[in-house]
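Hydrogens, waters and symmetry mates are skipped; everything else that's a heavy atom, side chains included, is used.
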Amino acid sequence: ECTDSKQYGTRTLDGDRFEIEFKNVSFKYPGANQYALENVSIKIENGSHLAVVGRNGSGKTTQLERLGARLTEKLGTNAVYCTREPGDSAPGILCQQFSQKKLALAPETVALLYAADRVEHIAKDLLPRLEAGQTVLCDRYYFSNFAYQTLTSDLEDLLQYNAFARRTLRPDAVVFVDVDPEECARRRAHRGGAAEFYEKTELARQIRTGYQQVFDRLKMEEHILTVDGSGGPDQVEARIWSALQGYFESGVDEEITQP
């Protein structure tokens, strides 16, 4: 059992059974409620939860889809579930309307709606699938909420709003696809479509700074992997796969040559 949260960080997921490899020593025990996040190879018997985050135009959605397809090949049909936030719950729809500039809301209302959508997502979708043994890949999670909403809200308030999510379902790892804001803007322009609220050029660098501040604040509590998102999709996919190497269960540990 690893309890040095100052050095390693911990995560709570009551009732599960874990197999933990700490350097060259293995521990297996039922009913554990904590495990170390750094320098540890973790095998979770009832599914893994991975979040992929980044700014609009970073390619995170493309990379999540590629990772989902690749893991499906390794883990089997129906073993992997890809989802996104905000979702289609009542608060999630309001979040989407705000982002699409179809609805004007006070900043704190927006922050609370994102948190409420996440509660619905966890309770009605994520937890049932994880309990059924699926590996869940989520496009955005509370890290995105923190990075974007710190433009107008205090981070400590946002942590409180998301206390249920962080207490109930912290991801096993979060991949941050880091791309220069100007490159994100070029990709969005090439993609086309109506610009969303958070795609304003003047906000892009503030959001990138927001992610960096959030990760620094949570680095002892979360397993955060920052991946260079520049270059072509194949290059970025290889970097993500390399970063996650050895993380998932059997058959997902092939060697990757990082470009």
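Closest approach of Gly68 to Cys82, counting heavy atoms only: CA-SG, 4.0 Å. In this structure, Gly54 and Tyr148 approach most closely via the heavy-atom pair O-OH, 3.9 Å. The shortest non-hydrogen separation linking Glu156 to Asp154 is N-OD2, 3.0 Å.
At least one donor-acceptor pair closer than 3.5 Å links the side chain of Arg239 to the backbone N or O of Asp228. Formation of a donor-acceptor pair under 3.5 Å by the Arg84 side chain with backbone atoms of Asp139 is not found in this model. Proximity of a side-chain donor or acceptor of Thr150 to a complementary backbone N or O of Ser153 within less than 3.5 Å is not detected. Proximity of a side-chain donor or acceptor of Asp117 to a complementary backbone N or O of Gly87 within less than 3.5 Å is detected. The main-chain N or O of Ser48 is never found under 3.5 Å from a side-chain atom of Asp172 such that the two would form a donor-acceptor pair. Judged by distance alone, with hydrogens and angles left aside, the side-chain atoms of Gln134 form no donor-acceptor pair with the main-chain N or O of Tyr81 at under 3.5 Å. With hydrogens and angles ignored, the 3.5 Å screen pairs a side-chain donor or acceptor of Asn162 with a backbone N or O of Leu158. For Thr168 (side chain) and Ala165 (main-chain N/O), no donor-acceptor pair under 3.5 Å exists by modelled atom type.
Across Val214, Val177, Val174, a single residue satisfies side-chain contact (heavy atoms from CB on, under 4.5 Å) together with Val53, and that is Val174. Paired with Thr72 under the rule side-chain contact (heavy atoms from CB on, under 4.5 Å), one option of Asn78, Leu67, Val80 passes, and it is Val80.
Under the 3.5 Å distance criterion, with hydrogens and angles disregarded, a donor-acceptor pair is assigned to the side chains of His121 and Thr83. For the 3.5 Å distance criterion, the side chains of Thr226 and Asp178 fail to qualify, holding no donor opposite an acceptor. Between the side chains of Arg188 and Asn56, no donor N or O sits under 3.5 Å from an acceptor N or O.
Relative orientation of the Phe143 and Tyr141 rings is tilted, given thresholds of 30° and 60° on the angle between their planes.
Atom-to-atom distance recorded for Gln149:CD and Ser144:OG is 9.5 Å, nearest 0.5 angstrom. Note that the CG atom of Leu137 and the CD atom of Glu65 stand 10.5 Å from one another [nearest 0.5 Å]. Here CG of Leu244 is found 5.5 Å from CG of Leu50. Values are rounded to the nearest 0.5 Å. Atom CG in Leu218 sits 8.0 Å away from atom CZ in Arg170 (nearest 0.5 Å).
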Intermediate values then yes/no, side-chain hydrogen bond (donor to acceptor under 3.5 Å, both in side chains), Tyr161 and Glu108: CA-CA 10 Å; Tyr161 300 160; Glu108 292 304 314; 2.5 Å; yes
Test log, rule salt bridge (charged side-chain N to carboxylate O under 4.0 Å, His left out), inputs Arg187 and Glu183: CA-CA 6 Å; Arg187 293 180 182 182; Glu183 176 60 23; 3.1 Å; yes
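Seen from the ring of Tyr142, Arg118 does not count as a face-on cation partner, given the 6.0 Å and 45° thresholds.
Residues passing the ring pair (Phe, Tyr, Trp, His ring centres under 6.0 Å) test with Phe176, sequence neighbours excluded: Tyr211, Phe215.
Contact check on Arg217 versus Glu222 returns no salt bridge, with no Lys/Arg side-chain nitrogen under 4.0 Å from an Asp/Glu carboxylate oxygen. Here Arg205 pairs with Asp180 in a salt bridge; the nearest charged N to carboxylate O distance falls below 4.0 Å.
Residues Leu155 and Ile207 fall within the same hydrophobic cluster, defined by Ile, Leu, Val, Met, Phe, Trp and Tyr side chains chained together at heavy-atom separations under 4.5 Å.
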